[in-house]
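Residue numbers start at 1 and run along the sequence shown. All heavy atoms count here, side chains included; hydrogens, waters and symmetry mates do not. Keep in mind that this is a model prediction, so the values were computed, not measured.
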Amino acid sequence: KSNFLSVGCFAAAAFLTTAHAETQVGGTISGQTWTKANSPYILTNHVLITSVTIEPGVSVLADGPFQIEVAGKLSAIGTAEEKVLFSKTANNVGGWKGIYFNQAPPGQQLRYCIIEKSVSRGITSHLTPLVLTDCIIRNNSCSADIAEGGGIRADADLTMDRCIVEGNAATAATWNVRGGGVNASKAILTDCVVSNNAARVTGSGDPSSGGASGGGVFAWTLAMTNCTVQGNVLSLANLTHGAWSGGGGVAAGTLVARQCSVLSNSVVADFTGPDGTGAASGSAAGGGIDGGNLYLYNSIIAGNSVKLKAN
């Protein structure tokens, strides 16, 4: 089951105003080029993109709980020196809702982009093949009964080259959580770093039962080459019913990893329950990797841990 946030209402036409070296945007955007000279672009409403090009050095900042939905073509190509930033304004204390590719065509372009500080994951890709190159996905979150991907959630092919996924979190109160950093049906990661992400079941709901997999990455089919997965955490707490957990760094149905390092990831599972009665049963496995079919070549798996607390 996947959770996707879609926006039902948009203005009939886009609005765009410029003042004090900033540009306010909202509604449907088509055929525009966003330039550094008119940056930052401030989202004052939800945005539906049918065709937008974003130039290097542009900042796109949400001034409320708004989302960028892409139904057409988004081309956001920065440079190593001048990245494209998707984030929130300093006054937006509640966060924004990320970029949502909603059955958009192939050929989306995100290169040298930073996507950060979304409370509905940084990127959601629904039936949209997606390629990310030299991008940073950081400090995003997702909270739901079934929380999938704190940084990225993709149900179509996901390809990531030379990307960093760090500091993201997926949190579920009562049910499943999969992928603190990345959740994908099928993913190919090359020269990527996935670090310090967290997938958590808090057990704060009713009934307090759940399961968790992939503190860093969860995918049904995953291929990684020359990647580092480090310092990710998969945790369950306050559970009063049976639960399972596996893969502090990576959880996959099928994993092929070449020249990868999976280091210092952890699974922490507390089955004692908030009242001390404890869960009926529980399991915790794979501090570094948990999966069905695992094929590891010239890789280092070290310093990972599993911590289990039970009555």
Side-chain angles (χ1 to χ4, degrees), residues 1-17 23-34 39-55 58-78 84-89 92 94-111 113-132 135 137 139-144 146-158 160 168 170 182-185:
K1 180 177 178 180
S2 301
N3 295 318
F4 294 106
L5 175 65
S6 60
V7 178
C9 297
F10 289 95
F15 59 85
L16 185 153
T17 60
T23 304
Q24 297 183 354
V25 293
T28 300
I29 309 292
S30 181
Q32 291 186 6
T33 297
W34 294 359
S39 180
Y41 287 77
I42 307 298
L43 273 61
T44 58
N45 204 333
H46 299 297
V47 167
L48 175 63
I49 287 177
T50 61
S51 175
V52 167
T53 298
I54 303 178
E55 296 184 345
V58 170
S59 294
V60 182
L61 308 177
D63 200 32
F66 307 130
Q67 182 182 67
I68 299 172
E69 180 175 352
V70 180
K73 180 68 177 294
L74 172 63
S75 176
I77 300 178
V84 176
L85 173 66
F86 296 90
S87 188
K88 67 181 186 68
T89 63
N92 181 359
W96 67 300
K97 295 188 175 180
I99 305 173
Y100 174 33
F101 293 90
N102 185 11
Q103 301 184 69
Q108 308 298 323
Q109 298 186 75
L110 280 85
R111 189 179 307 159
C113 294
I114 299 173
I115 299 98
E116 65 175 19
K117 300 179 181 178
S118 166
V119 296
S120 184
R121 71 178 64 91
I123 295 175
T124 300
S125 180
H126 177 44
L127 300 180
T128 304
L130 196 60
V131 177
L132 307 177
C135 289
I137 315 298
N139 302 330
N140 302 285
S141 63
C142 174
S143 298
I146 299 178
E148 298 182 317
I152 303 171
R153 167 59 167 108
D155 62 5
D157 290 355
L158 173 66
M160 301 178 67
N168 304 285
V182 177
N183 177 292
S185 296

Step by step, work out the side-chain contact (heavy atoms from CB on, under 4.5 Å) result for Val58 and Tyr41.
-> CA-CA 8 Å; Val58 170; Tyr41 287 77; 3.7 Å; yes
Derivation and outcome, side-chain contact (heavy atoms from CB on, under 4.5 Å), residues Ile49 and Phe101 = CA-CA 9 Å; Ile49 287 177; Phe101 293 90; over 6 Å; no
Heavy-atom closest contact ([X] atom, [Y] atom, distance):
X	Y	answer
Ala156	Pro129	CB-N, 3.9 Å
Asn168	Asn139	OD1-N, 3.3 Å
Ser185	Arg153	OG-NH1, 4.4 Å
Ala104	Gly72	CB-O, 3.6 Å

Only one of Cys142, Ser141, Ser143 passes side chain to side chain contact (heavy atoms under 4.5 Å, CB included) with Val119; say which it is.
->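 Only one of Cys142, Ser141, Ser143 forms a side chain to side chain contact (heavy atoms under 4.5 Å, CB included) with Val119, namely Ser141.
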In a check of side chain to side chain contact (heavy atoms under 4.5 Å, CB included) between Leu43 and each of Thr89, Val60, Asp63, Asn92, which one passes?
->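 Passing option: Val60.
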Atom CG in Leu127, atom CG in Asp157: separation rounded to 0.5 Å?
->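 Those atoms lie 11.0 Å apart.
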Nearest 0.5 Å, what's the CG-CG distance between Leu130 and Leu74?
->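 Result: 9.5 Å between the selected atoms.
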Please tell me if the side chains of [X] and [Y] come closer than 4.5 Å, counting only heavy atoms from C-beta onward.
X	Y	result
Ile123	Leu132	yes
Val84	Ile77	no
Val25	Trp34	yes
Ile152	Asn183	no
Ile42	Pro40	yes
Val47	Glu69	no
Val182	Leu158	yes
Ile99	Phe86	yes

Among all residues two or more places apart in sequence or in another chain, which pass the side chain to side chain donor-acceptor pair (under 3.5 Å) test with Ser39?
->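 Once residues adjacent in sequence are excluded, Ser39 has no partner under the side chain to side chain donor-acceptor pair (under 3.5 Å) criterion.
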Hey, do the aromatic rings of Trp96 and Phe66 have their centres closer than 6.0 Å?
->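 Centroid separation for Trp96 and Phe66: 6.0 Å or greater.
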Does Lys73 offer a backbone N or O that forms a donor-acceptor pair with the side chain of Ser51 under 3.5 Å?
->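 Flag not set: sc Ser51 to bb Lys73 has no pair under 3.5 Å.
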Return yes if some donor-acceptor pair links the side-chain N/O of His126 with the main-chain N/O of Gln103 below 3.5 Å, else return no.
->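 Not at all, since once roles are kept as given, no pair shorter than 3.5 Å links the two residues.
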Decide whether Asn140 and Arg121 meet the rule of one side-chain donor and one side-chain acceptor closer than 3.5 Å.
->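 Judged by distance alone, the side chains do not pair up.
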Results of salt bridge (charged side-chain N to carboxylate O under 4.0 Å, His left out) for Glu116 - residues two or more places apart only =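 Once residues adjacent in sequence are excluded, the partners of Glu116 under the salt bridge (charged side-chain N to carboxylate O under 4.0 Å, His left out) criterion are Arg138.
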